[in-house]
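Below is one structure, written out as structure tokens, with a few remarks after it.
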Amino acid sequence: MLKHPIRPCETDTAVFGTSLYNGSPEPTFCGIPSFMRRRLTRNLAGVDVAIWGIPFDAAVSNRPGARFGPQAVRRASAILGGDAQYPFRADPFERLAVVDYGDCALDYGRHAEAPHQIAAQAREIIAHGATLLSIGGDHFVTWPLLKAHVERYGPLALVQFDAHQDTWLDDGQRIDHGSFVARAVGEGLIRPERSIQIGIRTHAPETCGIDIVYGDDVGTLGMRGVIDRILNRVGDAKTYVTFDIDCLDPAFAPGTGTPVAGGLTSREALTILRNLGALDIVGGDVVEVAPAYDHADITAIAGAAVLQHYLGLLAERRSSGQHGP
């Protein structure tokens with residue numbers, strides 16, 4: 001006789017869950033696809049981390065489709081079950097109250113208004129004291145996100161995983177995912193002397209004073225060398241981490257708008273992320289997941305894993321008593 005009766009797993013915990021904490025045992029193949037089954041809510045009372053989608057891709061220079069990224073990453077995140085999260089050996093939701101805040105409200109016919117809407121809505125979330133982790137959308141969305149974060153934290157170090165520098169010349173008006181870094185540096189949002197780009201496999205006219213770890217440098221330095229270079233560059237600066245999924249080689253992330261051969265493997269990128277716990281991360285995003293070009297959710301799963309690693313780092317920092325969410 002079983003001591004406890006076997007009962008079906010609960011479903012739709014995104015709506016009917018009773019706690020902001022603890023992982024969900026919900027089956028991966030059903031239910032409302034919030035990020036890692038977190039509660040879908042706009043109530044930020046007592047919340048440590050808010051996951052937010054930004055379905056915008058009007059700034060792309062090649063293939064569109066990243067507006068579907070938030071849906072795809074949420075759906076793929078269901079595979080990240082409610083048990084201890086590899087490689088952190090713990091459930092981040094034991095320490096952190098995390099919600100899925102839904103998606104940014106945008107008018108698809110007024111692209112010029114999008115950066116103002118993104119910044120304004122992000123500002124409201126951050127004002128409640130929650131750490132904001134966003135799902136793009138194309139990489140332009142990081143610029144208004146930086147504006148909102150800087151208003152609270154001051155100029156930030158930027159850790160950017162990417163195939164592209166995104167430092168092309170900018171007139172301050174373009175809606176362009178290839179120049180947002182140059183604009184952010186010009187506006188004083190980013191501290192270039194504390195910022196670093198990892199996995200770059202293209203050339204742009206300017207570096208804007210940011211340190212660059214090129215794609216082939218990763219093989220030369222090794223993962224430990226890249227980790228040390230990031231930690232030494234950033235130091236104790238408040239940090240925003242942005243992960244363009246095209247940092248990964250197309251073999252590991254085919255579902256993106258501007259794929260470039262020679263990128264990092266999923267294991268390399270996640271191992272580097274895993275070892276950035278010393279950074280004072282105040283916000284982050286994963287962008288450029290375009291599921292129409294994906295196969296078997298490879299890219300969406302990688303994007304979900306990046307966000308899961310952000311949560312693991314934030315939970316560990318909370319556990320250690322350091323400043324965090």
Side-chain angles (χ1 to χ4, degrees), residues 119 122-123 126 131-134 139-170 177-215 217-218 221-244 247 264 268-287 306 309-310 312-314 316-317 320 322-325:
R123 189 180 300 117
I126 296 168
T131 297
L132 178 58
L133 300 178
S134 303
H139 215 161
F140 177 77
V141 306
T142 300
W143 174 63
L145 287 170
L146 283 169
K147 290 184 69 175
H149 282 82
V150 167
E151 288 177 13
R152 183 175 181 89
Y153 299 106
L156 299 170
L158 183 72
V159 176
Q160 177 183 352
F161 291 82
D162 209 323
H164 311 88
Q165 294 171 243
D166 297 332
T167 55
W168 287 88
L169 299 178
D170 181 77
H177 69 164
S179 60
F180 84 92
V181 173
R183 184 182 301 185
V185 171
E187 294 179 347
L189 305 178
I190 294 172
R191 299 175 61 187
E193 76 283 359
R194 291 289 196 178
S195 298
I196 187 168
Q197 299 172 324
I198 302 98
I200 302 300
R201 304 187 299 284
T202 54
H203 292 297
E206 298 288 342
T207 68
C208 294
I210 297 172
D211 190 23
I212 298 175
V213 178
Y214 289 100
D217 292 335
V218 176
L221 293 170
M223 287 181 282
R224 185 70 255 173
V226 175
I227 293 162
D228 290 342
R229 190 152 155 186
I230 296 170
L231 296 178
N232 290 334
R233 180 73 171 185
V234 175
D236 61 358
K238 292 192 179 301
T239 304
Y240 189 93
V241 183
T242 182
F243 197 108
D244 188 324
C247 175
L264 278 66
E268 288 172 334
L270 294 176
T271 299
I272 293 167
L273 271 178
R274 170 68 185 94
N275 286 275
L276 300 184
L279 299 185
D280 186 3
I281 297 172
V282 299
D285 62 49
V286 59
V287 297
V306 169
H309 275 58
Y310 290 167
L313 293 173
L314 293 173
E316 282 189 339
R317 196 167 178 86
S320 69
Q322 294 174 285
H323 297 295

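Atoms CZ and CG, on Phe180 and Leu145 in that order, are 10.0 Å from each other to the nearest 0.5 Å. Rounded to the nearest 0.5 angstrom, Leu231 CG and Asp236 CG are separated by 12.0 Å. In this structure, Cys208 SG and Leu158 CG are separated by 11.0 Å, a value rounded to the nearest 0.5 Å. Residue Ile200 holds its CD1 atom at 6.5 Å from CD1 of Ile212, rounded to the nearest 0.5 Å. Once rounded to the nearest 0.5 Å, the distance linking CZ of Arg183 with CG of Asp170 reads 4.0 Å. Considering CG of Leu276 and CD1 of Ile230, their distance stands at 5.0 Å, rounded to 0.5 Å.
Residues that satisfy the salt bridge (charged side-chain N to carboxylate O under 4.0 Å, His left out) test with Arg194, not counting sequence neighbours, are absent from this structure. For His177, the ring-ring contact (aromatic ring centres under 6.0 Å, His included) criterion is met by no residue, not counting sequence neighbours. Residues satisfying the side chain to side chain donor-acceptor pair (under 3.5 Å) test with Tyr240, not counting sequence neighbours, are Asp285. His164 is linked by a ring-ring contact (aromatic ring centres under 6.0 Å, His included) to nothing, counting only residues two or more places apart in sequence or in another chain. A search for salt bridge (charged side-chain N to carboxylate O under 4.0 Å, His left out) contacts involving Arg201 returns nothing, not counting sequence neighbours.
Taking every heavy atom of both residues into account, Thr131 and Val282 meet most closely at CG2-O, 3.7 Å. Pro192 approaches Ile190 most closely through the heavy-atom pair CD-O, 3.0 Å. Shown here for Ala148 and Ala119, the closest heavy-atom pair between the two residues is CB-O, 3.7 Å. Minimum heavy-atom separation, Arg274 to Glu316: NH2-OE2, 2.9 Å. Across every non-hydrogen atom of Tyr214 and Thr202, the tightest pair is CE2-O, 4.1 Å. Here the closest heavy-atom approach between residue Val234 and residue Ala157 is recorded as CG1-CB, 3.9 Å.
In this structure the side chain of Thr167 never reaches within 4.5 angstrom of the side chain of Thr207, judged on heavy atoms. A 4.5 Å side-chain heavy-atom check between Leu273 and Tyr310 finds at least one atom pair inside the cut-off. With a 4.5 Å cut-off on side-chain heavy atoms, Ile272 and Leu264 count as touching. Between Val287 and Phe140, the closest side-chain pair of non-hydrogen atoms is not below 4.5 Å. Between Gln197 and Asp166 the shortest side-chain heavy-atom distance does not fall below 4.5 Å.
Enclosure of atom CD in Glu187 by more than 12 non-hydrogen atoms of other residues, nucleotides or ligands within 6.0 angstrom is indicated.
In terms of modelled atom types and a separation under 3.5 Å, the side chain of Arg233 and the main chain of Ser195 share a donor-acceptor contact. Side-chain N or O atoms of Glu268 include none that pairs as donor or acceptor with a backbone N or O of Met223 at under 3.5 Å. The closest donor-acceptor contact from the side chain of Asn232 to the backbone of Asp228 lies under 3.5 Å.
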For this session: Mind running side-chain contact (heavy atoms from CB on, under 4.5 Å) on Leu313 and Val241 for me, showing each step along the way?
Result: CA-CA 12 Å; Leu313 293 173; Val241 183; over 6 Å; no
For this session: Go through Val181 and Asp162 one step at a time and tell me if the side-chain contact (heavy atoms from CB on, under 4.5 Å) criterion holds.
Result: CA-CA 12 Å; Val181 173; Asp162 209 323; over 6 Å; no
Problem set entry | Verdict with reasoning, Arg317 to Asp280, per side-chain contact (heavy atoms from CB on, under 4.5 Å) | CA-CA 9 Å; Arg317 196 167 178 86; Asp280 186 3; 3.6 Å; yes
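Residue pairs meeting the side-chain hydrogen bond (donor to acceptor under 3.5 Å, both in side chains) criterion with at least one member in residues 144-154, sequence neighbours excluded: Arg123-Glu151.
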